[in-house]
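Each chain gets a letter, A, B and so on, in the order its sequence line appears, and its residues count up from 1.
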Amino acid sequence: MRTDIKEILSREGDSGITEVEGWIRTKRESKGLAFLELNDGSTIKNLQIVVNESLKNFHEIIHHLNNGCSIKAKGNLVPSMGSGQSVELQALEIEIYGDAPVDEYPLQKKRHTFEFLREISHLRPRTNTFGAIMRIRNTMSFAIHKFFQERGFLYVHTPIITGNDCEGAGEMFQVTTLSDKPQISDEGIINHENDFFGKKAFLTVSGQLEGEVFACALKNIYTFGPTFRAENSNTSRHLAEFWMIEPEMAFCDIRLNMDTAEEFLKYTMKYLIDNSLDDLEFFNSRIDKNTLGRISSIFESDFARITYTEAMNILKKSKKEFEYPPHWGIDLQSEHEKFLAEEEFKKPVIVTDYPREIKAFYMKINDDGKTVRAMDIIFPRLGEIVGGSERESDYKKLFDRISESGLNPELYWWYLELRKYGTVPHSGFGLGFERLIQFVTGMQNIRDVIPFPRCAGYLEF
RNA sequence: UCCUCUGUAGCUCAGUCGGUAGAGCAGUUGGCUGUUAACCAAUUGGUCGCAGGUUCGAGUCCUGCCGGGGGAGCCA
């Protein structure tokens with residue numbers, strides 16, 4: 001019978017012969033006696049295994065029982081004589097699945113930098129930090145589905161490959177099967193008629209437009225999938241491949257959209273505290289002393305809500321020296337977001353009603369004609385974590401907005417038809433999953449909260 | 001893409017004024033029967049990112065290239 005270390009560590013008192021499998025994290029050795037710390041990924045905590053000469057093959061295997069070695073151990077599970085753990089396994093038999101030559105295995109029983117661990121991304125899940133990150137990603141993923149499922153949202157699988165060469169966000173990766181022998185015209189233009197799809201194809205930068213299709217039929221939907229941006233961004237907050245959550249709600253205005261986003265963030269963070277406390281405590285003690293407090297602060301107070309115009313007035317009144325002096329019409333810069341969330345309000349801030357010129361074509365124009373019903377949620381230390389809006393639901397206004405944005409309305413024929421036939425007010429938002437994980441773990445670099453990071457100039461593993 | 005810092009042992013780093021390479025950890029060997037980042041003693045280990053240049057002499061100064069960090073822009 002297979003037994004997880006997580007379950008074993010929850011036991012009390014003698015529980016007899018127990019069998020366990022895992023990887024050795026560290027060994028402490030003295031003459032004729034050794035203590036192994038065994039981890040199997042089920043929890044951040046290790047099981048202490050006591051090995052001594054009562055083990056038949058003690059002298060044969062003791063030199064192999066090093067950091068990284070995978071074993072099966074059988075023995076008596078008893079209350080620990082030592083002080084660092086409640087129970088321990090007194091080994092009677094140990095079988096080695098595979099040893100990890102100690103002069104070659106890159107993971108040492110010491111602290112490594114995250115930059116070094118990134119170079120061994122195939123082994124870093126075996127560290128405390130990355131094991132905890134992966135379990136937290138799992139818990140947060142589940143919490144996200146749970147939140148939406150409990151509220152009747154349908155999980156919709158929007159396409160990864162798209163023919164829209166402009167989805168309104170960022171540079172796109174092209175998808176082609178012509179790369180080996182492209183047919184190039186005299187003018188140097190690649191002919192895509194013979195390409196796989198008979199036209200240019202790209203990786204999606206957002207499932208929103210397709211999401212709106214299904215919201216305008218099934219009311220409340222959400223997507224949760226991979227997203228691709230070919231921007232040459234070189235920061236600790238950007239990836240070329242990341243996971244995004246995009247709910248879309250019919251019969252929903254900007255206010256209900258804000259309420260949903262705020263409730264969503266509070267729900268998932270509360271769920272994480274309730275279900276991944278062991279892992280969060282690790283981050284709280286080793287990565288950032290305020291991890292638990294930072295997460296709790298999200299669901300313990302209401303988010304501030306201000307308009308873009310109010311935000312600009314606050315920034316101007318602050319008399320603070322900004323690199324980009326605030327004035328109506330410019331986008332909020334990083335330094336402005338930091339000031340609002342970290343100094344002025346000291347909690348998440350929802351900013352609404354941005355100038356139409358700096359926001360996407362699909363956002364609903366307010367009655368003032370100057371602003372759109374956009375809403376961004378700004379988090380302390382992270383900046384923008386959610387971007388959303390009420391969508392323009394009037395055919396004519398949307399058509400004009402597409403045109404004035406320099407886009408070709410013909411390419412958006414099906415998107416426009418949602419407004420032609422049975423249009424409804426609808427809203428939605430997008431949220432970067434890895435940024436959420438950054439926030440709850442305190443990890444500084446987004447490349448360290450995803451299994452295998454993909455970013456400009458970097459594609460290993 | 002821009003600004004800035006940085007690259008020295010397996011890992012984390014020090015290296016003064018330009019004078020010929022150092023520590024901790026890990027490894028190895030020895031000691032220790034209850035350790036908790038185990039401890040004690042000894043010890044191995046170097047293409048100083050790469051390519052040029054200045055110099056009697058370059059880890060150190062100069063130029064170019066490559067990698068990494070931080071910040072900015074773009075954005076989620």
What nucleic acid atoms does [X] come within less than 4.0 Å of, heavy atoms only: base, sugar-phosphate, or nothing?
{"X": "Y324(A)", "result": "sugar-phosphate"}
{"X": "Q208(A)", "result": "nothing"}
{"X": "K27(A)", "result": "nothing"}
{"X": "I385(A)", "result": "sugar-phosphate"}

Identify, with sequence neighbours excluded, every residue that meets ring pair (Phe, Tyr, Trp, His ring centres under 6.0 Å) alongside F283(A).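 Counting only residues at least two positions away or on another chain, F283(A) forms no ring pair (Phe, Tyr, Trp, His ring centres under 6.0 Å).
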Among the candidates [options], find the nucleotide nearest to the side-chain atoms of [X].
{"X": "Q108(A)", "options": "A72(B), A26(B), C74(B)", "answer": "A26(B)"}
{"X": "R118(A)", "options": "G68(B), C32(B), G27(B)", "answer": "G68(B)"}
{"X": "N234(A)", "options": "U35(B), G69(B), U1(B)", "answer": "U1(B)"}
{"X": "R447(A)", "options": "G69(B), C11(B), U35(B)", "answer": "G69(B)"}
{"X": "T235(A)", "options": "A72(B), U12(B), G68(B)", "answer": "A72(B)"}

Below the 4.0 Å mark, does [N] have OP1 or OP2 next to a side-chain nitrogen or oxygen of [X]?
{"X": "R237(A)", "N": "A72(B)", "value": "yes"}
{"X": "K31(A)", "N": "C32(B)", "value": "yes"}
{"X": "K110(A)", "N": "C13(B)", "value": "no"}
{"X": "Q333(A)", "N": "G73(B)", "value": "yes"}
{"X": "N232(A)", "N": "U1(B)", "value": "yes"}
{"X": "R28(A)", "N": "U35(B)", "value": "no"}
{"X": "T26(A)", "N": "A38(B)", "value": "yes"}
{"X": "S236(A)", "N": "G71(B)", "value": "yes"}
{"X": "K109(A)", "N": "U36(B)", "value": "no"}
{"X": "S233(A)", "N": "G73(B)", "value": "no"}

Under a 3.5 Å threshold, yes or no: a donor from one side chain and an acceptor from the other, between [X] and [Y]?
{"X": "N366(A)", "Y": "D353(A)", "result": "yes"}
{"X": "E390(A)", "Y": "H426(A)", "result": "no"}
{"X": "E246(A)", "Y": "S206(A)", "result": "yes"}

For [N], give the paired nucleotide (Watson-Crick: N1-N3 plus N6-O4 or O6-N4; G-U: N1-O2 and O6-N3; both under 3.5 Å), or none.
{"N": "G67(B)", "result": "U6(B)"}
{"N": "G34(B)", "result": "none"}
{"N": "A41(B)", "result": "U29(B)"}
{"N": "G46(B)", "result": "none"}
{"N": "U54(B)", "result": "none"}

Let me know the distance between [atom1] of [X] and [atom2] of [N], rounded to the nearest Å.
{"X": "N46(A)", "N": "U36(B)", "atom1": "CG", "atom2": "P", "value": "15 Å"}
{"X": "E434(A)", "N": "C75(B)", "atom1": "CD", "atom2": "C1'", "value": "14 Å"}
{"X": "E104(A)", "N": "U28(B)", "atom1": "CD", "atom2": "P", "value": "12 Å"}
{"X": "M81(A)", "N": "U36(B)", "atom1": "CE", "atom2": "P", "value": "14 Å"}

Could you measure the distance from the CD atom of Q108(A) to the OG1 atom of T26(A)? Nearest 0.5 Å is fine.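 The CD atom of Q108(A) sits 11.5 Å away from the OG1 atom of T26(A).
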If only atom types and distance count, is the side chain of D253(A) paired as donor or acceptor with the main-chain N or O of R255(A) below 3.5 Å?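 Yes; at least one donor-acceptor contact below 3.5 Å.
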Could you tell me whether the side chain of N39(A) and the main chain of G41(A) form a donor-acceptor pair under 3.5 Å?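 Side chain of N39(A) to backbone of G41(A), a donor-acceptor pair under 3.5 Å: yes, one is there.
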